[in-house]
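Here's the structure we're looking at; comments come further down.
Just so you know, these numbers come straight off a predicted model, no measurement behind them. So that the names make sense, note that chain A is the first sequence line, chain B the second, and so on, each numbered from 1.
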2 protein chains.
Amino acid sequence: MTAGMAAPGFPAPIVTADMVILALRDGTLNVLLIQRAAPPFAQNWALPGGFIHADEDADIEAAARRILKDKTGVDSPYLEQVQTVGNGTRDPRGWTVSIVYMALIAADSAALASGANAADVKWWALQGAPPLPGLAFDHTEILAACVKRLRNKVEYTTLPVHLLPARFTLPDLQALYERILDRKMDKSAFRKRMAEANFLEPVMGEKRAASNRPAQIYRLRDGCATIFFDRTM
Amino acid sequence: MTAGMAAPGFPAPIVTADMVILALRDGTLNVLLIQRAAPPFAQNWALPGGFIHADEDADIEAAARRILKDKTGVDSPYLEQVQTVGNGTRDPRGWTVSIVYMALIAADSAALASGANAADVKWWALQGAPPLPGLAFDHTEILAACVKRLRNKVEYTTLPVHLLPARFTLPDLQALYERILDRKMDKSAFRKRMAEANFLEPVMGEKRAASNRPAQIYRLRDGCATIFFDRTM
DNA sequence: CAAATAGTGTCTTTGAGACAATATATC
DNA sequence: GATATATTGTCTCAAAGACACTATTTG
């Protein structure tokens with residue numbers, strides 16, 4: 001904030017928080033969309049979002065968490081502020097500002113709920129079978145920017161772990177990296193990377209069932225946030 | 001944007017754009033601060049900023065450019081949206097949202113102007129002699145986050161060129177990297193990096209005066225935005 | 001030519017990737 | 001044991017850093 005007096009002489013823009021909620025379903029990235037119940041863009045699919053409640057939300061991130069919880073029931077996801085867009089043309093009602101957050105959650109932790117203002121809530125695969133519909137407002141561009149950011153960060157961080165359930169194997173994790181980056185990676189080099197990042201710990205005694213050698217199960221080490229690698233993948 | 005009706009039933013938060021304007025003066029990073037003329041925080045130093053003019057600014061970035069131009073006269077800097085902060089406590093007047101931009105400019109291109117709402121405008125060194133004053137609002141934290149982001153990006157991008165004048169030498173550039181990152185770098189490796197990034201072109205025939213071998217002068221190649229290295233510095 | 005800094009070349013070490021070998025389950 | 005995948009080890013190659021050498025200017 002800065003310059004001025006109490007309230008500016010012109011109307012303040014409307015401020016909303018919009019969520020790009022991503023999860024892994026059947027091995028592919030999915031985004032959570034809502035079908036709008038009211039105009040503008042009624043019936044259109046859009047990113048979940050909502051106004052900031054000055055009396056209820058302590059800060060912007062709290063608003064983002066509230067919206068996420070409303071739609072998915074998920075409480076503590078990986079949450080990251082991605083960008084803020086604002087102009088006079090993106091919403092027919094006038095100058096609006098949207099603060100965009102990306103949330104990564106484990107698909108099995110979500111329990112969808114439409115709630116107010118939404119006719120429907122659904123997961124959509126980012127690629128493949130039912131192509132993504134055109135979205136309301138500038139949400140198509142916002143989503144694209146978000147996914148681009150995710151792909152970029154996956155190159156040099158441990159972000160993908162947040163898309164897996166709490167317990168997972170190294171082959172699971174490698175397959176996920178390969179899915180998101182759309183290229184094969186060397187098993188040996190991948191494991192060396194993960195080992196030196198030192199953010200996983202084996203869950204002793206547990207294995208995974210199959211007709212072959214079972215894989216060690218891991219979980220995030222306590223207090224390990226996202227790790228940045230020294231080098232890119 | 002998203003959910004709802006025409007206008008929310010609660011007052012919209014005030015929205016401002018705040019600028020972290022950085023330049024290199026006497027070899028050290030400086031930030032441009034204004035001294036506030038009006039309450040709250042009258043007399044305190046703060047980041048330049050201002051309300052978004054819905055009728056005048058096409059979008060948020062245009063507002064940021066307008067503020068920058070007002071204070072420095074600079075037209076086309078490196079400009080990057082850094083973060084958006086918003087809560088009910090950062091401004092005594094109520095819930096506010098601030099969209100923070102970082103601008104990198106060449107010191108020689110700026111012509112400071114106080115303009116409205118500012119008693120004074122001044123460059124402050126980030127480190128050294130006159131220590132930075134405590135800033136109004138949460139601007140101290142915002143500035144710190146910005147500088148952290150800059151240092152981080154300098155590790156893997158060509159960002160620092162925007163702090164130099166249009167024509168500069170490789171030793172100039174290396175010294176700047178070393179200043180910002182606060183460590184010595186190998187001349188040979190540094191030059192290899194810059195060469196393979198392929199974003200500079202030599203200005204033929206020109207050299208630099210001194211009592212030693214003159215350095216080749218370079219400029220940014222046409223159409224070269226910030227380059228991301230494959231590896232970190 | 002002495003001083004000072006610009007610019008280049010060489011050697012060593014590190015780390016990533018390719019690929020092979022070994023380990024451990026089920027059937 | 002046959003099969004399938006997990007996990008580890010080895011070899012090769014390329015890039016980064018350390019460091020030394022050459023180049024070019026002024027006084």
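- Protein atom CD of B/E196 is 11 Å distant from nucleotide atom P of D/dG17, rounded to whole Å.
- Taking for each of B/D172 and B/S188 the nucleotide of DNA chain C with the nearest heavy atom, the 5'-most of the two is the partner of B/D172.
- Closest to the B/R191 side chain, of the nucleotides D/dA18, C/dA6, D/dA16, is C/dA6.
- Taking atom CG of A/N212 as the reference point, atom P of D/dA2 lies 18 Å away to the nearest angstrom.
- Within 4.0 Å of B/T169, counting heavy atoms only, lies no atom of the nucleic acid at all.
- Nearest nucleotide to the side chain of A/D186, out of C/dC19, C/dA16, D/dA18: C/dC19.
- Side-chain contact check for A/R179 and A/T28: no donor-acceptor pair (N or O, by modelled atom type) lies under 3.5 Å.
- A/F190 has its CZ atom 18 Å from the P atom of D/dG9, to the nearest Å.
- Nearest nucleotide to the A/A215 side chain, out of C/dA25, C/dG17, D/dT7: D/dT7.
- Relative to the side chain of A/P171, the nucleotides D/dC19, D/dT7, C/dT8 differ in distance, and D/dT7 lies closest.
- Rounded to an integer number of Å, the gap from CD of B/Q216 to C1' of C/dT8 is 15 Å.
- A donor and an acceptor atom never sit less than 3.5 Å apart when one is taken from the side chain of A/R213 and the other from the base of D/dA4.
- Centroid-to-centroid, the aromatic rings of B/Y177 and B/F190 come within less than 6.0 Å.
- When each of D/dG17, D/dT7, C/dG9 is scored by its nearest atom to the side-chain atoms of B/A189, the top-ranked nucleotide is D/dG17.
- Salt bridge A/K192/A/E196: absent, no basic N to carboxylate O contact under 4.0 Å.
- The distance from atom CD1 of B/I217 to atom C1' of C/dT5 is 15 Å, rounded to the nearest whole Å.
- The distance from atom CD of B/Q174 to atom P of C/dT5 is 14 Å, rounded to the nearest whole Å.
- Annotation: cation-pi pair B/R167/B/Y218 absent, no NZ/CZ under 6.0 Å from the ring centroid and within 45° of its normal.
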Step-by-step salt bridge (Lys or Arg N to Asp or Glu O under 4.0 Å) determination, B/E178 to B/K187: CA-CA 11 Å; B/E178 292 177 342; B/K187 214 182 351 177; over 6 Å; no
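- Distance A/K184 NZ to C/dA18 P: 13 Å, rounded to the nearest Å.
- Look at CE on B/M194: it is 11 Å from P on D/dG17, rounded to the nearest Å.
- Considering only the side chain of A/K187, D/dA6 comes nearest among C/dG7, D/dT25, D/dA6.
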